[in-house]
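Remarks on the structure that follows.
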Amino acid sequence: MRLVTLEDVRTAAAAIARHVVHTPLLPFDSGLWIKPECLQPIGAFKQRGAVNALSRIPSENRARGVVAYSSGNHAQAVAYAAKTLGMPAAIVVPENTPQLKIDATRAHGAEVFVVGITERESRAAELVEERGATLIPPFDHPDVIAGQGTVGLEIVNDLPDVATVLVPVSGGGLIAGVATAVKALRPDVRVIGVEPELAGDASASFAAGERVHWDAHDRARTIADGLRAEPSELTWAHISEYVDDFVTVSEDEIRDAVNQIARRTRVVSEPSGAVPVAAYLNRKLPAGPAVAVVSGGNIEPRLLASILG
């Protein structure tokens with residue numbers, strides 16, 4: 001299996017530069033910086049991989065459009081990228097997707113199909129077959145991984161003495177890309193994946209040395225709705241090669257991290273984006289400057305209000 005390379009990530013950085021924000025590093029405290037990917041136009045890092053993947057579709061295939069399946073942020077990212085690059089988009093989301101993310105996806109002009117939580121991939125495959133469209137998966141694609149890896153490029157460029165990078169993990173596209181870039185540039189930097197305890201399948205897999213499957217309904221228990229997928233063979237290969245460790249955090253710790261990010265940095269994070277900060281606050285981590293990738297900020301207003309109290 002071919003892994004994504006640093007050159008792939010650098011090529012992606014050039015391709016997406018006009019369509020994404022180079023997010024800053026914001027101080028959280030003396031030992032931690034956050035990288036607020038919630039500042040992207042669609043409110044999450046997913047825009048990077050989506051724009052890169054769609055930009056590489058041959059011109060003769062673009063009129064047939066793209067299809068994606070997603071728990072929310074990839075849906076918005078593909079819809080945004082398709083609108084920006086002039087392609088139709090059909091997006092399949094599970095029924096437990098926050099309405100905020102469904103509405104935002106439709107606002108970018110995409111068709112949205114809401115299905116059962118175990119049916120999103122099969123429905124997407126049907127749409128690809130019916131329309132001759134190009135499938136853009138949320139993480140299981142080298143162009144998507146390379147796009148997400150641009151987060152790692154920016155971290156190393158902006159904080160050359162970084163010692164630890166904390167990354168939320170779901171399907172693994174973000175950590176696969178970030179770890180690829182960071183380890184190529186700074187092999188000594190520790191890359192640590194963070195998951196909710198209630199969706200800790202990648203952490204269990206890392207401990208076991210092989211992929212461990214958790215039922216989708218079990219993974220759906222966490223408040224971190226963007227972290228309910230599981231790594232693919234491709235993302236797992238990158239994780240196995242480049243990631244140093246995994247930790248998990250509780251639901252209460254995730255809620256507290258959302259609160260503390262807002263109060264300390266004035267940044268709004270969704271629960272999925274807050275898990276790396278929860279790990280920093282509650283787990284013993286290596287010494288030295290750390291960066292937590294706050295992957296998104298698309299949180300339902302009522303949930304945010306309840307957390308901020």
(message) Considering only residues two or more places apart or on different chains, which pairs with a residue in residues 290-307 satisfy side chain to side chain donor-acceptor pair (under 3.5 Å)?
(response) Asn73-Asn298
(request) Answer yes if Val189 and Ile155 sit in the same cluster of Ile, Leu, Val, Met, Phe, Trp and Tyr residues linked by side chain heavy atoms under 4.5 Å apart, and no otherwise. (result) yes
(message) Using every non-hydrogen atom in the two residues, find where Ile117 and Pro94 come nearest and quote the distance to one decimal.
(response) CA-CB, 3.8 Å
(message) Tell me which one of Gln76, Glu270, His74 satisfies side chain to side chain donor-acceptor pair (under 3.5 Å) with Lys101.
(response) Glu270
(request) Please answer whether the main-chain N or O of Val212 pairs with a side-chain N or O of Ser205 as donor and acceptor at a distance below 3.5 Å. (result) yes
(message) Give me the atom names and distance for the closest heavy-atom approach of Val4 to His238.
(response) N-NE2, 2.9 Å
(request) Taking Arg211 for its side chain and Asp201 for its backbone only, find out whether a donor-acceptor pair lies under 3.5 Å. (result) no
(message) For His217 and Thr118: C-alpha separation, side-chain torsions, deciding distance, then whether side chain to side chain contact (heavy atoms under 4.5 Å, CB included) applies.
(response) CA-CA 9 Å; His217 292 88; Thr118 61; 4.0 Å; yes
(request) Looking only at non-hydrogen atoms, find the nearest pair between Glu253 and Ala278 and report the distance. (result) O-CB, 3.6 Å
(request) Spell out, yes or no, whether Leu285 and Leu281 are grouped together once hydrophobic residues are joined by side-chain heavy atoms under 4.5 Å, including indirect joins. (result) yes
(request) Provide the closest heavy-atom pair for Val151 versus Arg48 in the form atom of the first, atom of the second, distance. (result) CG2-NE, 3.3 Å
(request) Please determine if Glu130 and Arg123 form a salt bridge, counting it only when a charged side-chain N lies under 4.0 Å from a carboxylate O. (result) yes
(message) Rounded at 0.5 Å granularity, tell me how far OH in Tyr280 sits from CG in Leu32.
(response) 5.0 Å
(request) For Asp244 and Phe206, work out which heavy atoms get closest and say how close. (result) O-CZ, 3.5 Å
(message) Minimum heavy-atom separation for Pro271 and Ile299, please, with both atom names.
(response) CD-CD1, 3.8 Å
(request) Answer yes or no: is there a donor N or O on one side and an acceptor on the other, between the side chain of Lys46 and the main chain of Ala75, under 3.5 Å? (result) no
Show which side-chain atoms of residues 10-22 pair as donor or acceptor with protein atoms under 3.5 Å away, not counting sequence neighbours.
from: Thr11; atom 1: OG1; to: Glu7; atom 2: O; distance (Å): 2.9
from: His22; atom 1: NE2; to: Asp158; atom 2: OD2; distance (Å): 2.7

(request) Among Ile192, Val191, Thr164, Val194, find the one that has a side chain to side chain contact (heavy atoms under 4.5 Å, CB included) with Asp245. (result) Ile192
(request) Find the distance between CZ (Arg228) and CD1 (Ile223) and round it off to the nearest 0.5 Å. (result) 9.0 Å
(request) I would like to know whether Val9 and Thr150 meet side chain to side chain contact (heavy atoms under 4.5 Å, CB included); could you show each step before the answer? (result) CA-CA 6 Å; Val9 178; Thr150 60; 4.2 Å; yes
(request) Please check if Tyr80 and Val112 belong to a single hydrophobic cluster, counting links between Ile, Leu, Val, Met, Phe, Trp and Tyr side chain heavy atoms closer than 4.5 Å. (result) no
(message) I want to check something: taking the side chain as every heavy atom from C-beta on, are Pro196 and Glu251 in contact at a cut-off of under 4.5 Å?
(response) yes
(message) Checking Glu197 against Ser250: is there a side-chain donor and acceptor pair closer than 3.5 Å?
(response) no
(request) Output, in order, the C-alpha distance, side-chain angles, deciding distance and verdict of side chain to side chain contact (heavy atoms under 4.5 Å, CB included) for Asp225 and Thr97. (result) CA-CA 7 Å; Asp225 61 272; Thr97 300; 6.0 Å; no
(message) I need the Leu308 CG to Arg263 CZ distance, nearest 0.5 Å.
(response) 5.5 Å
(request) Step by step, work out the side chain to side chain contact (heavy atoms under 4.5 Å, CB included) result for Gln148 and Phe139. (result) CA-CA 9 Å; Gln148 319 307 25; Phe139 48 84; over 6 Å; no
(request) Say whether Val182 and Val144 are linked into one hydrophobic cluster, either directly or through other cluster members, by side-chain heavy-atom distances under 4.5 angstrom. (result) no
(request) Can you measure from CD (Glu230) to OG (Ser170) and round to the nearest 0.5 angstrom? (result) 9.0 Å
(request) Indicate if Val277 and Val275 have the same hydrophobic cluster label, given that clusters are the connected sets of ILVMFWY residues with side-chain heavy-atom separations under 4.5 angstrom. (result) yes
(message) To the closest 0.5 Å, what do you measure between CG (Leu54) and CE (Met87)?
(response) 4.5 Å
(message) As an exercise, state the distance from CG of Leu198 to CD1 of Ile254, rounded to the nearest 0.5 Å.
(response) 7.5 Å
